[in-house]
Amino acid sequence: MSTIFGAYDDNLRHLEGLLNVRIRTQGHDLFVEGEADDTGTVARFVEQIGGLIAEGHALSEREVKDAAQLVATDPDVDLREHFLKGGQLRQAGRRRIMAKSANQRRYLEAIDHHDIVFGIGPAGTGKTYLAMAQAVNYLLAKKVSRIILARPAVEAGEKLGFLPGDLQEKVNPYLRPLYDALYDMLEVEKAERMLERGIVEVAPIAFMRGRTLNDAFVILDEAQNTTTEQMKMFLTRLGFGSKAVVTGDITQIDLPTGRTSGLVEAMNVVGQVEGISFVYFDERDVVRHKLVQAIVKAYEAYGNTSSASR
């Protein structure tokens, strides 16, 4: 019961926040007040989590909260299947990665079963982080021989002016988020060795022109800022034994006015091509601070209102 309730009933308060219910305890008994659908969701959560614990599976408080989020957003989720089959990702370097929403699970499964996967949705939904985790997983399992991380070098609403240094130093600020994710998965020394030996390569998308990428796990991040030509070039680089994951947020396009986003166009051009999978995320998949989820939802509502008033 301590696992389900959490420290100072923190997990129960989390459930109350996710669902429109009021929960109180009396010994080992739970009393839940609310609409029938919501109280039924709480009952299903307690039953499934309790079943996992009874079978001897140790769950952290973070995993219990993630399970509550899953049950709240996906009425058909089977937590046992999620934790023991599809949702669990093998060790990705020094991290153990777990899907925190139904869409994140679909995303991980899509990467396993398709050679090209598009992950599209707002910031904080785990698009790049999970792709990086899968890439590290594949590399350590020797399913690929290298990882290539690419981003378009586009200023996000700011004019940065002339940057000093050589070519690599000029583009590094644009690629910093990819380095950050890499260092979160691997020890710094190991990551540095892989970068030096070319096993892991971080580069602007322009550096990929003319190459054919065999036995590689390739991630294109911030793809909403690619041009039509860059996206076509990237998608045609894929070689034998390779996987490509394209991530982006079509609500945050920083291209000059009048330029078509390569990601938006690709959604229409290759959306029905067999072997390519598209996974769409929304505010329910945001795994950052809970305020980020509220902010994403607020901006989405504001955008819909603005569009309707035009």
Side-chain angles (χ1 to χ4, degrees), residues 99 101 103-104 106-108 110-111 114-135 147-158 171 173-182 202-209 213 216-238 242-273 275-288 292-293 295-297 299-300 303:
S101 72
N103 284 331
Q104 286 194 355
R106 292 186 193 104
Y107 187 51
L108 293 174
I111 294 173
H114 297 83
D115 288 339
I116 298 179
V117 175
F118 285 77
I120 301 171
T125 49
K127 305 182 301 294
T128 304
Y129 194 84
L130 289 176
M132 183 74 77
Q134 284 280 55
I147 298 172
I148 299 174
L149 313 170
R151 255 191 173 204
V154 175
E155 296 163 339
E158 305 172 60
V171 299
Y174 298 105
L175 306 173
R176 189 72 249 170
L178 295 177
Y179 283 106
D180 291 343
L182 178 66
V202 184
I205 188 173
F207 285 23
M208 301 182 67
R209 189 173 297 279
L213 306 173
F217 197 117
V218 193
I219 299 172
L220 173 57
D221 192 34
E222 295 289 326
Q224 75 274 6
N225 290 327
T226 59
T227 63
T228 295
E229 296 78 15
Q230 286 176 327
M231 180 59 74
K232 181 181 178 182
M233 178 269 290
F234 175 83
L235 293 176
T236 55
R237 295 307 92 197
L238 198 66
S242 291
K243 281 188 179 287
V245 179
V246 180
T247 72
D249 178 1
I250 58 175
T251 68
Q252 296 191 33
I253 297 172
D254 301 309
L255 291 170
T257 303
R259 296 300 299 271
T260 300
S261 165
L263 177 58
V264 173
E265 188 173 73
M267 291 165 65
N268 297 318
V269 175
V270 301
Q272 302 302 318
V273 173
I276 298 179
S277 177
F278 282 76
V279 179
Y280 296 91
F281 299 87
D282 56 36
E283 79 279 351
R284 293 171 298 176
D285 302 301
V286 172
V287 292
R288 294 180 183 171
V292 175
Q293 188 176 48
I295 290 166
V296 169
K297 195 170 185 177
Y299 268 98
E300 188 177 83

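Starting from 1, each residue takes its place in the sequence as its number. Remember, it's a predicted structure, so these values are computed and weren't measured experimentally.
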Novice: Do I120 and M267 touch side chain to side chain, with heavy atoms closer than 4.5 Å?
Specialist: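 They are in side-chain contact.
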
Novice: Would you check if L238 and L213 make a side-chain contact, meaning some heavy-atom pair closer than 4.5 Å?
Specialist: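 Of all side-chain heavy-atom pairs linking L213 with L238, none is under 4.5 Å.
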
Novice: Which atom names give the shortest non-hydrogen contact between T228 and E265, and what distance separates them?
Specialist: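 Closest pair (atom of T228, atom of E265, distance): CG2-OE1, 2.5 Å.
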
Novice: Could you check if a side-chain atom of F217 sits within less than 4.5 angstrom of a side-chain atom of I111, using non-hydrogen atoms only?
Specialist: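 With C-beta onward as the side chain, the pair touches.
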
Novice: Return yes if some donor-acceptor pair links the side-chain N/O of T236 with the main-chain N/O of K232 below 3.5 Å, else return no.
Specialist: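 Side chain of T236 to backbone of K232: a pair is present.
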
Novice: Taking the side chain from E222 and the backbone from P152, do they hold a donor-acceptor pair closer than 3.5 Å?
Specialist: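 Not a single qualifying donor-acceptor pair exists.
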
Novice: How long is the span from the CD1 atom in I148 to the CZ atom in R237, to the nearest 0.5 Å?
Specialist: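 Result: 11.5 Å between the selected atoms.
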
Novice: With distance as the sole test, does S261 use its side chain to make a donor-acceptor pair with the main-chain N or O of Q224 at under 3.5 Å?
Specialist: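 Looks like yes, one N/O pair under 3.5 Å.
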
Novice: Is there a side-chain contact (heavy atoms from CB on, under 4.5 Å) between D221 and L149 once you walk through the steps?
Specialist: CA-CA 8 Å; D221 192 34; L149 313 170; over 6 Å; no

Novice: Go through M231 and L220 one step at a time and tell me if the side-chain contact (heavy atoms from CB on, under 4.5 Å) criterion holds.
Specialist: CA-CA 9 Å; M231 180 59 74; L220 173 57; 4.2 Å; yes

Novice: About how many Å separate CG of L255 and CG of L263, when rounded to the nearest 0.5 Å?
Specialist: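 With rounding to 0.5 Å, CG (L263) is 10.5 Å from CG (L255).
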
Novice: Minimum heavy-atom separation for Q134 to L108, with atom names?
Specialist: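 Smallest interatomic distance, heavy atoms only, reads NE2-O, 3.2 Å.
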
Novice: Measure the shortest side-chain to side-chain distance between K127 and D285 over non-hydrogen atoms and say whether it is less than 4.5 angstrom.
Specialist: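 Heavy-atom side-chain distance check fails, nothing below 4.5 Å.
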
Novice: Take M233 and T226 through the test side-chain contact (heavy atoms from CB on, under 4.5 Å) and record every step on the way to the result.
Specialist: CA-CA 10 Å; M233 178 269 290; T226 59; over 6 Å; no

Novice: Measure from the side-chain N and O atoms of S277 to the backbone N and O of H114, and report whether any donor-acceptor pair falls under 3.5 Å.
Specialist: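 No, the answer is negative, given that no donor and acceptor are paired below the 3.5 Å cut-off.
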
Novice: What pair of heavy atoms forms the shortest contact from Y107 to A131, and how long is it?
Specialist: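 Scanning both residues, the minimum pair turns out to be OH-CB, 3.7 Å.
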
Novice: How close do V273 and V269 get, counting heavy atoms only, and between which atoms?
Specialist: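 So the two residues come closest at CG2-O, 4.4 Å.
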
Novice: Tell me, do V218 and M208 make a side-chain contact under 4.5 Å, heavy atoms counted?
Specialist: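 V218 vs M208: side chains touch.
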
Novice: Which heavy atom of M132 sits nearest to which heavy atom of A181, and what is that distance?
Specialist: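 Scanning both residues, the minimum pair turns out to be CE-CB, 3.8 Å.
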
Novice: Is there side-chain contact between Y280 and N103, with heavy atoms separated by less than 4.5 Å?
Specialist: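 No; the side chains remain at least 4.5 Å from each other.
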
Novice: Rounded to the nearest 0.5 Å, what separation is found between the CG atom of D282 and the OG1 atom of T125?
Specialist: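 Atom-to-atom, D282:CG and T125:OG1 are 8.5 Å apart.
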
Novice: With the side chain counted from C-beta on, respond yes when F234 and V246 share a heavy-atom pair under 4.5 Å apart, and no when they do not.
Specialist: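 Yes; the side chains approach each other to less than 4.5 Å.
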
Novice: How close do A110 and V117 get, heavy atom to heavy atom, and via which atoms?
Specialist: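 So the two residues come closest at O-CG2, 3.5 Å.
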
Novice: Is any side-chain heavy atom of F278 closer than 4.5 Å to one of V270?
Specialist: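 Yes, their side chains come closer than 4.5 Å.
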
